[in-house]
Undergrad: 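Can you keep this structure in mind? I'll have questions shortly.
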Amino acid sequence: MSIGSGLPASAIEPSIQNLLTMEERNNVELFRENTPSVVYVTNLTPRRDAFTLNILEVPQGTGSGIIWDSSGHIITNFHVIKGANVLRVTFQDQSVYNATVVGFDEDKDVAVLKVDVPVEKLRPVHLGSSRGLLVGQKVYAIGNPFGLDHTLTTGVISGLGREINSGNTGRPIEDIIQTDAAINPGNSGGPLLNSRGNVVGINTAIFSPSGASNGVGFAIPVDTVTGVVEQIIKFGKVTRPVLGISFAPETAAEALGVKGVLVLDAPKNGPAGTAGIRPTSRDEYGRLVLGDIIIGLDGTAIQTSSDLYKVLDRSNVGQTVDVEVLRQDSKEHVQIVLTDGIR
């Protein structure tokens, strides 16, 4: 039996094969088939040795990545490569190559790297779809936790449609896959596979009191990742519509008794400033004058920045949106043309 285009059962030594259950054989085959498509990503930064004064390259971050295509594109999490000076990718045969950054999306925690390697080293992953996933469905996580060689952990999808905030920008990432498969530090950027060996998500985070695997793991849906990656490979960047404002943190807004998104700044040359959105300011006596409070966007009630981002993510650059604001004691409607917020 094979999984996807995996190795046949005969690839397992007969003496061992007879000792394995069918489920164990499937697990072994899935691991053997997909391990060549998973790499180890090391984020290095220069440091001067205090004694010799020599410049050393010291790891400041590590994670996993997947081989996306035969052109040498590697996909990982943005937080794995954030602040990188030098990036190195280690393949299954322990060969190491330098990588360059093609582009990234901080909001979705996705980065695209490129390596110049012989094509025979490139075993692209088998892409699946995150549509139609079910709670209780079996999944597998492959990665390099704690800098160890490839490891396999198994579990089930324990939740769908979750939302977490990007650790890079605070912007919400929607439709997150929740799993109880162990995702340890170093697994970030590795694949979450279904039982056919197809990628359904990219492992990104774990909520745990200790930071180890005794918590809840999360993966970015592969359909979301695919959309981001295609933009980056084609354009070198991700475009996302913006209003052109900065707003108060929710804790500050709550302290002021504000329900909605309080505008702190709206540059006059930006879309919101051009449309007449008023920022927070101080009067001639130094007293705080609250700016516009966004309470609606294209008919959707806005109470938090997460609500605002969700509507913007469904919108397009160049689209005119109706923004409802609370201005002093009255409600106003302002038409704003969304512009390109390059990521």
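Treat the numbers as computed from the prediction; the structure is a model and nothing was measured. Hydrogens, waters and symmetry mates play no part in the numbers below; they use all other heavy atoms, side chains included.
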Undergrad: Donor-acceptor pair, Asp298 side chain versus Val321 backbone, under 3.5 Å?
TA: no

Undergrad: Dump the intermediate steps for ring pair (Phe, Tyr, Trp, His ring centres under 6.0 Å) on Tyr140 and Phe31, then the final yes or no.
TA: CA-CA 9 Å; Tyr140 304 78; Phe31 182 67; over 10 Å; no

Undergrad: With distance as the sole test, does Asp313 use its side chain to make a donor-acceptor pair with the main-chain N or O of Lys310 at under 3.5 Å?
TA: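 The answer is no, because no donor-acceptor pair under 3.5 Å joins these two groups.
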
Undergrad: With heavy-atom distances below 4.5 Å as the criterion, would you say the side chains of Leu308 and Leu243 are in contact?
TA: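 Contact flag for Leu308/Leu243 side chains = yes.
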
Undergrad: Do the side chains of Lys259 and Gln303 get nearer than 4.5 Å, heavy atoms only?
TA: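 Result no, sub-4.5 Å side-chain heavy-atom pair not found.
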
Undergrad: Would you find a donor on one side and an acceptor on the other, under 3.5 Å apart, between the side chain of Asp292 and the backbone of Arg327?
TA: no

Undergrad: Under 4.5 Å between side-chain heavy atoms, hopping through other hydrophobics if needed: is there a path connecting Val216 to Ile176?
TA: yes

Undergrad: Is the backbone of Ser64 close enough, under 3.5 Å, to the side chain of Asn144 for a donor and an acceptor to pair up by distance?
TA: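 Checked: no pair found.
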
Undergrad: Do Val96 and Tyr40 come close enough that some side-chain heavy atom pair is under 4.5 Å?
TA: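 They are not in side-chain contact.
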
Undergrad: Would you sort out whether Ile202 and Val110 count as a side-chain contact (heavy atoms from CB on, under 4.5 Å), showing the intermediate values?
TA: CA-CA 9 Å; Ile202 300 296; Val110 175; over 6 Å; no

Undergrad: Distance-only, no hydrogens or angles: does the Asn198 side chain make a donor-acceptor pair with backbone N or O of Asn194 under 3.5 Å?
TA: no

Undergrad: Looking at Asn43, Asn98, Thr62, which one forms a side chain to side chain donor-acceptor pair (under 3.5 Å) with Arg88?
TA: Asn98

Undergrad: Going through the distances and angles, do Ile75 and Val112 end up as a side-chain contact (heavy atoms from CB on, under 4.5 Å)?
TA: CA-CA 5 Å; Ile75 311 305; Val112 180; 3.8 Å; yes

Undergrad: If two hydrophobic side chains count as joined below 4.5 Å and joins carry through other members, does Leu192 share a cluster with Val125?
TA: no

Undergrad: Same cluster or not: Val263 versus Ile302, using hydrophobic residues (I, L, V, M, F, W, Y) connected whenever any side-chain heavy atoms lie under 4.5 Å apart?
TA: yes

Undergrad: In Å, rounded to the nearest 0.5 Å, how long is the span from OG1 of Thr226 to CD1 of Ile220?
TA: 11.5 Å

Undergrad: Quick one: are Thr300 and Arg314 in side-chain contact, heavy atoms under 4.5 Å?
TA: yes

Undergrad: Do His126 and Asn34 come within less than 4.5 Å of each other through their side chains, counting heavy atoms only?
TA: yes

Undergrad: So does Gln328 have more than 12 non-hydrogen atoms from other groups sitting under 6.0 Å from CD?
TA: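 12 or below, so no.
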
Undergrad: Indicate the atoms forming the closest heavy-atom contact of Ile183 with Gly217, along with that distance.
TA: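 Of all heavy-atom pairs spanning Ile183 and Gly217, the closest is CD1-CA, 3.9 Å.
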
Undergrad: State the CD1-CD1 distance between Ile294 and Ile277, to the nearest 0.5 angstrom.
TA: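 The CD1 atom of Ile294 sits 6.0 Å away from the CD1 atom of Ile277.
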
Undergrad: Can you tell me if CG on Asp116 sees more than 12 non-hydrogen neighbours from other groups inside 6.0 Å?
TA: no

Undergrad: If we ignore hydrogens and angles and just use 3.5 Å, is the side chain of Thr35 paired with the main-chain N or O of Arg32 as donor and acceptor?
TA: no

Undergrad: When you compare the side chains of Ser95 and Lys121, does any donor N or O come within less than 3.5 Å of an acceptor on the partner?
TA: yes

Undergrad: Under a plain distance cut-off of 3.5 Å, with no hydrogens placed, do Asp223 and Ser130 share a side-chain donor-acceptor pair?
TA: yes

Undergrad: Quick check: do Val156 and Asp180 have side-chain heavy atoms less than 4.5 Å from each other?
TA: yes

Undergrad: For Val39 and Val115: C-alpha separation, side-chain torsions, deciding distance, then whether side-chain contact (heavy atoms from CB on, under 4.5 Å) applies.
TA: CA-CA 11 Å; Val39 297; Val115 289; over 6 Å; no

Undergrad: Looking at His79, is its backbone amide N or carbonyl O close enough to the side chain of Asp109 to form a donor-acceptor pair, meaning the two atoms are under 3.5 Å apart?
TA: yes

Undergrad: Kindly work out whether a path of hydrophobic side-chain contacts (I/L/V/M/F/W/Y, heavy atoms less than 4.5 Å apart) joins Val101 to Ile67.
TA: yes

Undergrad: Is it the case that one hydrophobic cluster holds both Val200 and Leu127, taking links as side-chain heavy atoms less than 4.5 Å apart, direct or via other members?
TA: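 Val200 and Leu127: separate clusters.
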
Undergrad: To the nearest 0.5 Å, tell me how far Leu290 CG sits from Leu264 CG.
TA: 9.5 Å

Undergrad: With a 4.5 Å heavy-atom cut-off, do Thr320 and Val337 have their side chains touching?
TA: yes

Undergrad: For the pair Arg123 and Glu33, find out whether any cationic side-chain nitrogen is under 4.0 Å from an anionic carboxylate oxygen.
TA: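 A salt bridge is present here (some side-chain N lies under 4.0 Å from a carboxylate O).
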
Undergrad: Find the distance between CD1 (Ile157) and NZ (Lys138) and round it off to the nearest 0.5 Å.
TA: 12.5 Å

Undergrad: Answer yes or no: is there an ion pair linking Asp105 with Arg240, defined by an N-O contact shorter than 4.0 Å?
TA: yes

Undergrad: How many angstroms lie between OG1 in Thr239 and CG in Asp340, if you round to the nearest 0.5 Å?
TA: 5.0 Å

Undergrad: Would you check if Thr280 and Leu288 make a side-chain contact, meaning some heavy-atom pair closer than 4.5 Å?
TA: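 They are in side-chain contact.
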
Undergrad: If I take atom CD1 from residue Ile74 and atom CD1 from residue Ile66, how far apart are they, to the nearest 0.5 angstrom?
TA: 8.5 Å

Undergrad: Report the residue from Val222, Val199, Val139 that forms a side chain to side chain contact (heavy atoms under 4.5 Å, CB included) with Pro191.
TA: Val199

Undergrad: I'd like to know if the side chain of Ser71 reaches the main chain of His73, judged simply by a donor and an acceptor atom lying under 3.5 Å from each other, with no hydrogens or angles considered.
TA: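 It does not hold such a pair.
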
Undergrad: Compare every heavy atom of Ser37 with every heavy atom of Pro124, then report the nearest pair and how far apart it is.
TA: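 Nearest heavy atoms, Pro124 then Ser37: O-OG, 3.6 Å.
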
Undergrad: Would you indicate whether Gln178, at its atom CD, is surrounded by more than 12 heavy atoms from other residues, nucleotides or ligands within a distance under 6.0 Å?
TA: yes

Undergrad: Begin from the C-alpha positions of Val238 and Ile232 and carry the test side-chain contact (heavy atoms from CB on, under 4.5 Å) through to its verdict.
TA: CA-CA 6 Å; Val238 173; Ile232 292 175; 3.5 Å; yes

Undergrad: Does Val38 offer a backbone N or O that forms a donor-acceptor pair with the side chain of His150 under 3.5 Å?
TA: yes

Undergrad: Ignoring hydrogens, what is the shortest heavy-atom contact between Ile245 and Ala272? Give both atom names and the distance.
TA: CG2-CB, 3.4 Å

